[in-house]
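Have a look at the structure below, then the notes.
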Amino acid sequence: MLTINNIKENKNQYVKLLKIKKFDAEHLFDKLIDLDDQRKVIQKSKEDLQSQSKKISEKIGSIYKSGNIDKAEFFKNESINIKEKTKKLQKKSLSIEKEIFDILIQIPNVPHNSVPFGDSDKENVIIKDVAQMPETSENLKAHWDLAKIYNLIDFEIGNKIAGTGFPLYVNKGAKLQRALISYFIDKNIEAGYTEYLPPYLVNEESAFGTGNFPDKEGQMYHVNKDDLFLIPTAEVPITNIFRNKIVKNLPIKCTAYSPCFRREAGSYGKNVRGLNRLHQFEKVEIVQIQYPEKSYETLHEMVNHVSSILDDLKLPYRVIQLCGGDLSFTSALTYDFEVFSVAQNKWLEVSSVSNFEAYQSNRLKLRYKDINEKNKLCHTLNGSALALPRVYAAILEINQTKNGIKVPKVLQKYTGFDMIS
RNA sequence: GGAGAGAUGGCAGAGUGGUCGAAUGCGGUGGUCUUGAAAACCAUUGUGCAGCAAUGUACCGGGGGUUCGAAUCCCUCUCUCUCCGCCA
């Protein structure tokens, strides 16, 4: 969430920028500033009273020591009076703070000023496109057919075991999945990321830290009995490693494989066919924590890194900058990566690389010391490198031949085979 | 799941009602010494909020209570550890 001080300092600019996200902030900002001013006045008088009360208690202490106990009664009463007043102010102050917090968590992150206006994904801007569109043909089989022909994925049994959206990978199909995971992680480590294997369930505090709770609560599976959430992405546990920390030597670069669990309530039809949209899928995530002045440099480094993975896999892809209407609640700037599905003849999102600036850090209380030794909020960034299912689908479709499916070269040392037939 | 113990600053660990934001050790930072390093010695070293600052105030797992005064007493919740049971 945003900080009150930043809102105060940059009110007009923020109002303007938030319009890109179709968010009208002016009224809320005014209210916040007013509440905060009230808070300060109350806090001041509360602290003055507390200070008095403290001094009186000290006095009583020394009176007791000198043995003059009767004399203490007067001060005791005085202290009781002060305390009553303090309590009232305390109560008021807490209720104002709550009010401020409740408003703050409703306000999305301010988009970067380069974010284009737009209502939906139609207005997203293509930053990098394929040099030449790959050929599509009626004869090409979709990945769900290929998966069946070569016995790589059994959707029906997954359905039987858990439900729709929970595929069962089989034999070489499972191995290919595992190869992709290993390859991605190794590639990330090579780029300087430290590998983690995180918990797949998180508590509410962690879910709050990354902005998944309460904003996207409905998207997460919730284990009622133990009050835990299944992670929708490794970003949640990984970023929370640094919750409540004052870190140094930035950037911190982390990578983690995890399954991701998403309820995807309301999704249906063609979009959910095969591997297109799942309740459980595999993903390798990258997270960076960076100094604010360097975070956009880092964002582009991450974009280049993800590009290099897709280059390695020889998949046709494009990079898109999300417009305001498509940008997530917590993100300031996001680039999406899409690979082309030659059989479905459409683009599939396989990665999303975002700079959250200080939005998550403020929730996480993740800070660094600046040159003046003052604690400042870090910037957090993350991206998929990569989400598996659609990459998997694209690989099957584009590498299909009469004799089987060719395994991309970079994966062969992980699969141990170069052909699926 | 049953029984017991515990939760204090980056870590370890004192502190059972009054000047305790908290001893001490380790670690960190700065310095002296040294060709350099180590060692030794000296100094410094928690966080939030308010304030230009001086400073004020809050925080010893969370919440509530007793008291003029709570890290210290009481209640409650959460978590951790040990033993037993179960188990990959």
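Letters A, B, ... mirror the listed sequences (proteins, then strands); counts begin at 1. The structure presented is a predicted model; accordingly, all values stated were derived computationally and were not measured. Worth knowing before you read on, the calculation uses all heavy atoms, side chains too, and leaves out hydrogens, waters and symmetry mates.
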Task: Ion pair A:D312/A:K187, N-O distance below 4.0 Å - done: yes
Task: Euclidean distance for C1', B:C84 against B:G13 (whole angstrom) - done: 30 Å
- [ ] Let me know, please, whether A:N375 or A:F75 comes out on the 5' side of the other along RNA chain B by nearest nucleotide.
- [x] A:N375
Task: A:E285: salt bridge (Lys or Arg N to Asp or Glu O under 4.0 Å) partners, not counting sequence neighbours - done: A:K283
Task: RNA chain B contacts among residues 33-50 of chain A, heavy-atom distance under 4.0 Å - done: A:R39, A:K40, A:Q43, A:E47, A:Q50
- [ ] Output all residues satisfying side-chain hydrogen bond (donor to acceptor under 3.5 Å, both in side chains) with A:D145, sequence neighbours left out; order by chain, then residue number.
- [x] none
Task: B:G2 versus B:A88 - spacing of their C1' atoms, nearest Å - done: 22 Å
TODO: Examine B:U57: is either OP1 or OP2 under 4.0 Å from a nitrogen or oxygen in the side chain of A:S51? Give yes or no.
DONE: yes
- [ ] Return the nucleotide paired to B:U72: Watson-Crick means purine N1 to pyrimidine N3 with N6-O4 or O6-N4, wobble means G-U with N1-O2 and O6-N3, both under 3.5 Å.
- [x] none
Open item on the list: Could you identify the nucleotide paired to B:G27, looking across every strand shown and requiring Watson-Crick or G-U wobble geometry with both distances under 3.5 Å?
Closed with: B:U45
Task: Integer angstrom distance from the P of B:G56 to that of B:A22 - done: 12 Å
Open item on the list: Suppose we define a pair by two distances each less than 3.5 Å, Watson-Crick or G-U wobble; what does B:U78 pair with here?
Closed with: B:A7
- [ ] Report yes if a side-chain nitrogen or oxygen of A:R367 is closer than 4.0 Å to either non-bridging phosphate oxygen (OP1 or OP2) of B:U47; otherwise report no.
- [x] no
Task: Integer-rounded Å distance: B:G48 P and A:K376 NZ - done: 12 Å
- [ ] Quote, to the nearest angstrom, the C1' distance that separates B:A14 from B:U8.
- [x] 10 Å
- [ ] Would you verify whether the NZ or CZ of A:K172 falls within 45 degrees of the ring axis of A:F417 while also being under 6.0 Å from that six-membered ring's centre?
- [x] yes
Task: Identity of whatever pairs with B:G51 - Watson-Crick or G-U, under 3.5 angstrom - done: none
TODO: Take atom C1' in B:A3 and the same atom in B:G9, then report the distance between them in whole Å.
DONE: 33 Å
Task: A:H300 and A:Y335 aromatic centres sub-6.0 Å - done: yes
TODO: Would you mind reading off the distance between A:K245 atom NZ and B:G46 atom P, rounded to a whole angstrom?
DONE: 18 Å
- [ ] In plain terms, say whether A:K8 and A:D37 are close enough for a salt bridge, that is, a side-chain N and a carboxylate O under 4.0 Å apart.
- [x] yes
Open item on the list: For B:A40, give the paired nucleotide (Watson-Crick: N1-N3 plus N6-O4 or O6-N4; G-U: N1-O2 and O6-N3; both under 3.5 Å), or none.
Closed with: B:U32
- [ ] Name every residue in residues 78-87 of chain A that has at least one heavy atom under 4.0 Å from any atom of RNA chain B, in order of residue number, or write none if there are no such residues.
- [x] A:S79, A:I80, A:K83
Open item on the list: In this structure, how many angstroms lie between the P atom of B:C11 and the CD1 atom of A:I246, rounded?
Closed with: 12 Å
Task: For B:C60, the Watson-Crick or wobble counterpart (both distances under 3.5 Å) - done: none
Open item on the list: I need the CD-C1' distance between A:Q90 and B:U57, as an integer number of Å.
Closed with: 11 Å
Open item on the list: In whole Å, I'd like the distance from the NZ atom of A:K59 to the C1' atom of B:C68.
Closed with: 12 Å
Open item on the list: Looking only at the side chains, is there a donor atom on one of A:E195 and A:Y257 sitting less than 3.5 Å from an acceptor on the other?
Closed with: no
Task: Pairwise C1' distance, B:G27 and B:U34 [rounded to whole Å] - done: 24 Å
Task: Full working for side-chain hydrogen bond (donor to acceptor under 3.5 Å, both in side chains) between A:D418 and A:Q412 - done: CA-CA 6 Å; A:D418 55 10; A:Q412 289 174 11; 5.1 Å; no
Task: Partner residues of A:R363 under the side-chain hydrogen bond (donor to acceptor under 3.5 Å, both in side chains) criterion, sequence neighbours left out - done: A:D215
Open item on the list: Any carboxylate oxygen within less than 4.0 angstrom of a Lys/Arg side-chain nitrogen, looking at A:E397 and A:K141?
Closed with: no
Task: Distance, rounded to the nearest Å, where A:E373 contributes CD and B:U45 contributes P - done: 12 Å
TODO: Hunt down the Watson-Crick or G-U wobble partner of B:U66, both distances under 3.5 Å, from any strand shown, or write none.
DONE: none
- [ ] Return the set of residues passing ring-ring contact (aromatic ring centres under 6.0 Å, His included) with A:Y183 (not counting sequence neighbours), or none when no residue passes.
- [x] none
- [ ] Assign A:K369 to base, sugar-phosphate, or nothing according to its heavy-atom contacts below 4.0 angstrom with the strands shown.
- [x] sugar-phosphate
Open item on the list: If the threshold is 4.0 Å, N to carboxylate O, is there a salt bridge linking A:K253 and A:E301?
Closed with: yes
Open item on the list: Roughly how many Å apart are B:G10 and B:U78, using the P atom of each and rounding to a whole number?
Closed with: 26 Å
Task: Value in whole Å for how far the C1' atom of B:G1 lies from CG of A:D226 - done: 14 Å
Open item on the list: If I pick the C1' atom on B:U72 and the same atom on B:G65, what distance separates them, to the nearest angstrom?
Closed with: 15 Å
Task: Nucleotide forming a Watson-Crick or wobble pair with B:U19, both distances under 3.5 Å - done: none
Task: Whole-Å gap separating P (B:C77) and CD (A:E205) - done: 20 Å
